[in-house]
Each structure stands twice: as C-alpha cells, then as structure tokens.
Amino acid sequence: MEVASIINRDSLSATIGTESFNIPSSHPKFEDIRRALLDGTPGEEILPMFQTAKAVVDYTDGAIEIRGGKVFFANEEVGGSVVDRILEFMSEKLPNKPLFRFLERVMRNPSMRSREQLYDFLEHKNLPLTTDGKFLAYKSVSNGYMDHHTGKISNKIGSVIAMPRHRISDDPSLGCHTGLHVGALQYAADFGGSDRKVVICEIDPEHVVSVPLDCECQKMRVCQYRVVADYTGPIERSLVDDYDDEESYDEDEVTSTQ
Amino acid sequence: MVITQDRPSPASTGVKSEVGFTIDPRNLAHVVGLLRDAYSDPIAAVLREYSVNAYDAHVEAGIPDRQVHITLPGRFDPTLKIRDFGRGLSEDQIESLFCSYGASSKRQSNDYTGCLGIGCKSAFAITDSFSVTTYHGGRARTYSCYLDESEVGKAALLSDVASKETGLLISIPIKKDQMSEVESTAVKVFRFFKVQPHIENPSTKTTIELSRPQYDYDGGDIKIAKEAGDSMVIMGNIGYPLEASQLPSDKLREIIDHHTIHLHMPIGAVDIAPSREDLKYNPRTKAALVAALSKGFVEVGQKAVMDIAGSTNLLNALSVYEVVFNAYHLGPYIRKLGLTPKYKGKELKSSSLSVSLSEEEIAKHRVTVRKLSKLRYNRRGRNYELTATDSIDVRSGTVVYLDTKSSVHDFFGRVRTLLETPGFEVAYVVKARGNGLDFLRKKYPLLQEIQFTPIEDVAFTEAPKTTVNGVSAGPIAKHDEEVFTLDTAMIGRYSNKQSDYWKSAKVNLSNPNGGVYLEIDRFLINGVTSPRNFEETYNSFCKLGFDEKVYGFKPSVVEEIKKGNHPQWVSLHDKRIELLNAKIARDPDAFWNYYFFFEHKSDQEDHIESFMSEELVLPAGSVAAQYQQALRDCSKHTDLMSRCRYEVHCHAESMAKDIKPKIDCDLLQQAYNARYPMNIHWDWDNDSFLKDNTTIKARRQRNHKHLSDYIRLVDECKPIKTTINQKEVK
C-alpha cells in the first residue's frame, strides 16, 4: 500500500493507497501516526491508526460500542464528553481502568436525567477523573472554609458534605434550588466576593443530581462531595491520583498531586 | 466577479526617471501573511470561500442547482470536507490558479462570485496543511497544501489514481476546540446561498437544517427582515453588512438604522474587501448603494400599494400597511414619493382598528375582544396571556380568532401552531355569543371586512417543534387513541409532553393472557400523576421482580374491564399487592421482625443516616450501639417495608394477626434519647454539641468522636443493668 505524507507542526496530510487523511495535532494518535510515517511503517499498519472509532473500541476492550455514530456503554448511550475523555486518555496513553470505573459509577446514578446532564458538565475543561473513577470539580468557599450560602457548613480539606438526594431537584431549568453546589473552574473562580477561596472537590458520579442550564452548565448540584485540596492552579491533566487517605492529608501533599 | 479597474493611466511631464514598486521575495511571506490574516472570523471564511468556489464550479459545469456536499468534522474524523461536482482542476490549473496568490479565472464574468484568488488558500488561516483532491480527466489527484518555512506555502502531489468522478474535494483538519464552532458558523454563512449545501454531521449521522431569513415584507430587491439585526447587501450568495453611516443620504441612513433591510444586488455591483467580510465603501460602491436603495424603496412602495389594493380582506391589507407605511422613517419616505395606500378605494391611515366597548355593551351583547400575547419564558416554557383590549393592531401574520361557542375544547391546543411560530407576537380572540358579532360589526363597520378564523374550526394540527429542554414536540394524533404501552425507555427522562411517555398500542381485551394496566387520562396516571414522576415507583416494582409490559388505558377502557368482563386484566395497584404479598411470604422475617420509621422523616430523623454511618464508632454493648445496629439491620429491608407501609392490605394483615416486630426502632430511639439526653443538642450539621463554629474540627471522623465520647461517659457513670428490651421502655 503506497504511503505519502506531509507532516507539519499543527497537522498532517497523508494518502495510504486510495484513501487520504488530514488530522490536526489534537488527534489522539497524531504522535503515533507521525512516528509511523517517519519510520516508514507499512500502510496496512498505519491505516487503523486513523480509524478513531475502532481505536476507541479497542482501547476500551470492547466495553464501548459505537453504533451509527453514537457511543454506548452497557447498552446505554453516553454523551460526547465521555468520548472526549476517552480520546484524551488515549492521547496521553493513560490506563483505561479509571474510565471504566467512572462509567460504572455513572451507571449507578439512579436518574437517567442526572446522567445526561453530567455529560454536559464534563464538557468543561480542568475536571480530571481520579483513578477510582470519580472526578474533581471546584467550589468557592469563604477564607474560613465555610460555605457562602449558610456560612455554617465547613468545607475544610477532608470534609465529606452530604444531604439526602430526594431534597434536590434534578430539573436543569431550575437555576437556583436546594442542593450542594460545585462548579467548573471558571464558575467557582468567579463566585463569591473578596473573602473567599477555591477548594477542589471529589465527586462520585453517582451523587450528581443536576446541572442547571443557566451559567452555561458550569455549576452542578450534587448530594455528596468530598473536599480534597486547596486550589493552587488549573489541573491540566486528564487523570489524577486518588485522594484516599484522609488522615495523611496536608497541604504539602495536596500541592504535590497537581 | 468582474473587478472594476477605474484608475486611469496618469499623465506625466518632465519626468527624469522612475522606479516601479516591487515585492522583494524575502518579504513575500509577510505580504501573504497579511492576506491570510485578513479574516476576522477564520472558520466562517473557510466555509464561505470554499463553498463559493464550489458553487462557481457548479455554475461553470452547467449544474448551478446541484448541492455542494459538506461533511462537518466529528470526534471520530476531525476533517471538514467540502465537495463539488464540477469539472475539477487539471494539473496546470492547480499550479496556475490554486497555488497562485491573486490568480483567478473568474474575473471575466459576473456569473461567478469568486474573483480575488485568495479564498482557496483561506484554510491556512486555521491550519498549516490541508489537502485538495481534484477529480479531472479520469484521474483523482490528491495534493497536500502546506505552509513551509517560507510561510508562502507549497502543494505536494501525494497520490494520482484513476477515477471516473469529477469535481474537487477540500479536506481541512479541524482542531478539537474549533469543531463545535464549525456547525454553528455554517448555519449563519449559508443562509443567503441560493442553493444551500447539503451538510452532514457524521457524529449524529444527521443532516443539518439550514434556515433562510424570514421577511415581514418582500419588496423585490429590498426585503424587510422579521428579525432585528444588521442590514445586509446580498450579492452572489454572500451577505455583506450594510453600514448606514457610510451612506451619503440622511434619509436612507435613517431607514437603514431603524430597519433590518436586505438589499439584493447583482454580482459585481459593488466592491468588496479582500476578506469578503465587508463592502469596500469607495465612491463607486456608495453611489451604487444609494441608487439601488432609492430604486428599491420606490419598488417597495409601489408593490405595497398594489398589494393593499389587491388584498382580498382588510386584515391582509392592514398587515402590509403596518410594515411599510406605518414603519418609522420608511413610511414617511415612501409617502413623500406620492404613493398612497388604498383599500377598496379608501385611503388607509392606520393599522389599528378600534373595538372600544363599555361594560354595559359587553354584558348586553356578550362580546369581548382579547389580546393573546407572549409574555415571557419561564421554567415551564413559554407563557401566554389573554387580556381585554380596545384595539386590534394588525401586523404581518396577525390572526383574529372568533369564538362563538360556549366552550372550545383545548383552546391553547388549537392555537399552539400559531403560538410556536417564530416571530409570533400577538393574536386576537373575539368572543361573541348570540348577536354579539352582529353588534360588533354594526358598531365598527371595518370589522365586517376582517376575515375571522373560527376557533372551533381550527383542527389539532401537528405541533411545531419546540426546544423546551431539548425535547421536540411531535404529532398529537395519539390523543384520539385509547390504548398505550408505557415507554420504559422514557422513564426518568424529561419531556414536557405527557404523551411522550406512552406508545400507541393495539390490544384485544379478550386476549386470555391479559396484562397489567394503569388508568390514564390526558396521559396522566389516574389523571393526576405525570409519568415522568413514575420512575421511583416503577423501579420499586422492578425490585419486586416485576418485568411485564405496562399498558395505559383510557377511562372508557378501564370501565369496560371493571364491568368484570375481562378479569385477566389487573391494575398495577393490584399487581403490586400481589407481588408484595409474594415477597413477604418468601421472606416473612424481613417484614415482620422490624419496625422502621424512615418514611416519616423529620429534620432530626434525617440525621439517622449519619448515625448509622460506619464512621461513628460507639461503645460496644451500649444502648446507643444497640440502637445503631438495629437501624443498620432495618435499613437492609427499607425498600420492602416502606412499600408495604402504603399498602392497606399488608397493614391490615399485620393488625389482624397481631404481629409485633421483634425489633422496633421507634422504641429503641426513645430508649436512646432517654439515656443520653444531651443527644438532642448534638448538631449534626456542624458535628458539634455547640452551635459555635469555632469549636468545629475539620474532620468529621474526629467530630464523631465527641458524640461517642459522650455516650461512653454516660455509660461509665451510669452502667447498664440489663439489656434493654421493649417492655422496659414501655
């Protein structure tokens, strides 16, 4: 199979046999393809690298199915943001287990509506998964780690804050309603006045209740979260270590995990 | 497009010598870069430029009505593809036209929109390489066009194979963060295309629906747009913003400032900026705009006068009057041209019809006139109101409904099509009983000319698609049916239409197998409960082993069953009792041995969940620990018991058998509260006995220790003599 290509900094063009491909550097297999083309790898071996859908299925050991352009896990359609997560994991050559754990936790969420809204929320950046399948989000609190709304709930590192799920509305059109609120980085960073700080929270997808449509789906109502660290800067990685050992936590360790 | 060259050769006298301006090849990259960076919206530029070229290729090939095919980039294939079916480009044309900045073969004719020789390189504004495949002369040649270190660009031939196809395929890699922008931009870019492209979204396997502008009035070359926005000049598929401030005429400037005008001009009539994003406001363009607008507004006025004179009813005439002659600045401008609107020979002076009625008249003649208007959006969707009015203001598309009957079933269901129409603002409802309508027409003769729409004649039509929470309204033919099955795929999902939860079904009630049904009215369970709130109940059935299809029967069908003719059909309520009893029979201890109160939660009892937590370690053998353990044991059976609690049947059985639970959490709680009185001061929200937050420690586990320390202290000071039992508590 004849191979010809032009490899540039931000993109590459290639023809393999009668098929032609153009991919940007953000393609999950860009580096692999670039190396393969430069190494003179046979076209038959390079061709599957361009087939992203198949690569996703292979990466997830068949747990993810793609039918008619839609993506399914355990026979339930999952949002496009999950595909983005998978592609990020593939691109960064991360293990697939955390993704499975994440999806299993999502499936444990009792409300389909909540599950669908969660996918919208995960479109935002800097919301990495943890190795045990939870994800991190952000919350604005007072300098004394108390919540802004009541001023009574402590959000110190290690705190687990929970409330009964049935008291929280899963209607996304309700902008303001009872619930524990966390948000994407931008939302949390902009929330509150001068007496405030941002903490990083770990959320089990099972505990997600709704993502209100206001604020561009940047805030989320949950029924439980755990405060795991002070915010010191955007988390650019797709996967972070667990925050399992509550007792051994201190600020130095938190900083070292980011 | 023919580019006008209006610069004459200069005359010269006494010149000693002259030097021509040049571009040093070393500076070429800079100049080319300026051209590439001229686009303020690079994604729009890429879509526009390649599609314009593709459309021109179809014109050249004699297939101007054929659609260009566009494939949007998706998660699995991040490439934007634009494919035309023209003649393609030969090797020479690739070199001389495609790869040459400023080269164009279209400057000899105004049949083509292209002319600048820059657009085909516009992809370099968003990527450093893209490919072009030309299907020409029995070959398919794929070139990679890329920016090299010279920044000018090169094209490399990657493949050359036999092909019977013709045309050109442009493939552009799109970065992840630009992908969503491509689709939204395409919708804007192609709204003025005469032949809109066929656009596919491979991620959803759907075709993108492109809209066209909606007009209040189509006056030929000038159209008055419904939506507020910039006035535009439409030339050769492209809309260019029309800057009122650039016009030399005050009158025209005022009209453009206050209305959204779309002025259609022939290709080449005005000059455009190299980016094709703006007009070039040179004297030629300004003069052409003034001439076209002046002529266009005369045409608008003449057409409006003719339309009004030829209107079949007053409503139509007034709606034209409203948008043309009643329009701010435009109306006076047209009137000054000597154009007068006349309907049936009488001059129209207002688009408003008075219907002022006194209370006595309303009472006596049983007539009201109300305005149906859109209020605002709220969380339940659109909100409308009907308010009494004393004038009917006619605008484009105004409808006046006539309601002569004592009640019209589902008024909003009938007018919904109108309400959901984009641009809808107002409709009127004339309610007239007895001789009310005659009275109204006698008092206001102009109303005789109005064509009312009898509301009872308006059929339930297919509702237009709505976007409330992303759920589309579909046809409502289901309303006429009586038997449905519950759509389990919809359970837990949100729809603003109750009928979305039900699928049409055909059922023979005589079928000996029967089934399980719910009575539904207006698609609400028992006429009250929305199926969207049925998730928890349905899931509890499933936990009991229920896996049958659930039918939804309208009351008439249920009535038939209740006559006793079809005993094989059981209601879901009866089925539930049957399943619960079966489960209790299988596992009697789980039900009869515990008494639990989770279903009656108060604020204090909410904290039971925290009390049961594994994190709270209590002294072994204490009353508190017994209570905690009992709660944990009971919680394993919560679902079963909470379900049973609602069933009178089960409750009655326990009463009849005088069955007492072996573990009664209510009693244990009383014992716990009696032994540890400070417990009631424990603040679960703050994990402290005190409300003062300063005493609160960061970790919940440590705070729990306060409570367990207190319990230990009580037990040490006041040892337990006997194990607590129910009699002792009583």
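Values in this document were obtained by computation on a predicted structure and should not be read as measured data. We name chains A, B, ... by the order of the sequence lines, and we start the count at 1 in each one.
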What part of A:Val227 lies closer than 4.5 angstrom to a heavy atom of chain B: side chain, backbone, both or neither?
-> neither

For the residue pair B:Phe76 and A:Val83, what are the closest heavy atoms and their distance?
-> CE2-CG1, 3.7 Å

A:Ala55, part contacting chain B, at a heavy-atom distance under 4.5 Å | neither

Would you mind checking which part of B:Thr142 comes under 4.5 Å of any heavy atom in chain A, side chain (CB onward), backbone (N, CA, C, O), both or neither?
-> side chain

Gap separating the CD1 atom of A:Ile16 from the OG atom of B:Ser159, nearest 0.5 angstrom = 11.0 Å

Which atoms of A:Ser13 approach chain B - backbone, side chain, both or neither, heavy atom under 4.5 Å | both

On a heavy-atom basis, the closest approach of A:Ile23 and B:Pro173 is C-CB, 3.5 Å

B:Asp128 side chain near A:Arg9 side chain, heavy-atom distance below 4.5 Å = yes

Who among A:Val3, A:Ile66, A:Thr18 has the most heavy-atom pairs with chain B under 4.5 Å?
-> A:Ile66

Where does B:Leu158 contact chain A at under 4.5 Å (heavy atoms): side chain, backbone, both or neither?
-> both

Contact winner vs chain B - A:Ala4, A:Pro24, A:Ser5, heavy-atom pairs under 4.5 Å = A:Pro24

State, without any angle test, whether A:Ser20 and B:Ser131 hold a side-chain donor-acceptor pair at a distance under 3.5 Å.
-> no

Non-hydrogen atoms of chain A under 4.5 Å away: do they reach the side chain of B:Pro78, the backbone, both or neither?
-> both

Minimum heavy-atom distance B:Phe130-A:Asn22, with the two atoms named = C-OD1, 3.6 Å

Roughly how far, to the nearest 0.5 Å, is the CD atom of A:Glu2 from the CG atom of B:Asp160?
-> 10.0 Å

Side chain, backbone, both or neither of A:Pro28 within contact of chain B (heavy atoms, under 4.5 Å) = neither

What part of A:Glu88 gets closer than 4.5 Å to chain B, counting heavy atoms only: side chain, backbone, both or neither?
-> side chain

Residue A:Gln51 versus chain B: region with a heavy atom under 4.5 Å = neither

Value rounded to 0.5 Å, distance of OG in A:Ser81 from CZ in B:Arg75 = 7.0 Å

Note: vs chain A, highest number of non-hydrogen pairs under 4.5 angstrom among B:Leu147, B:Leu169, B:Thr133 is B:Leu147

Part of A:Asn155 lying under 4.5 Å from any heavy atom of chain B | neither

A:Ser11 side chain to B:Ser129 backbone, donor-acceptor under 3.5 Å | yes

Could you check which of A:Thr52, A:Thr15, A:Asn8 has the highest count of heavy-atom pairs closer than 4.5 Å to chain B?
-> A:Asn8

Distance col, row A:Ser91:OG vs B:Lys176:NZ, nearest 0.5 angstrom, shows 8.5 Å

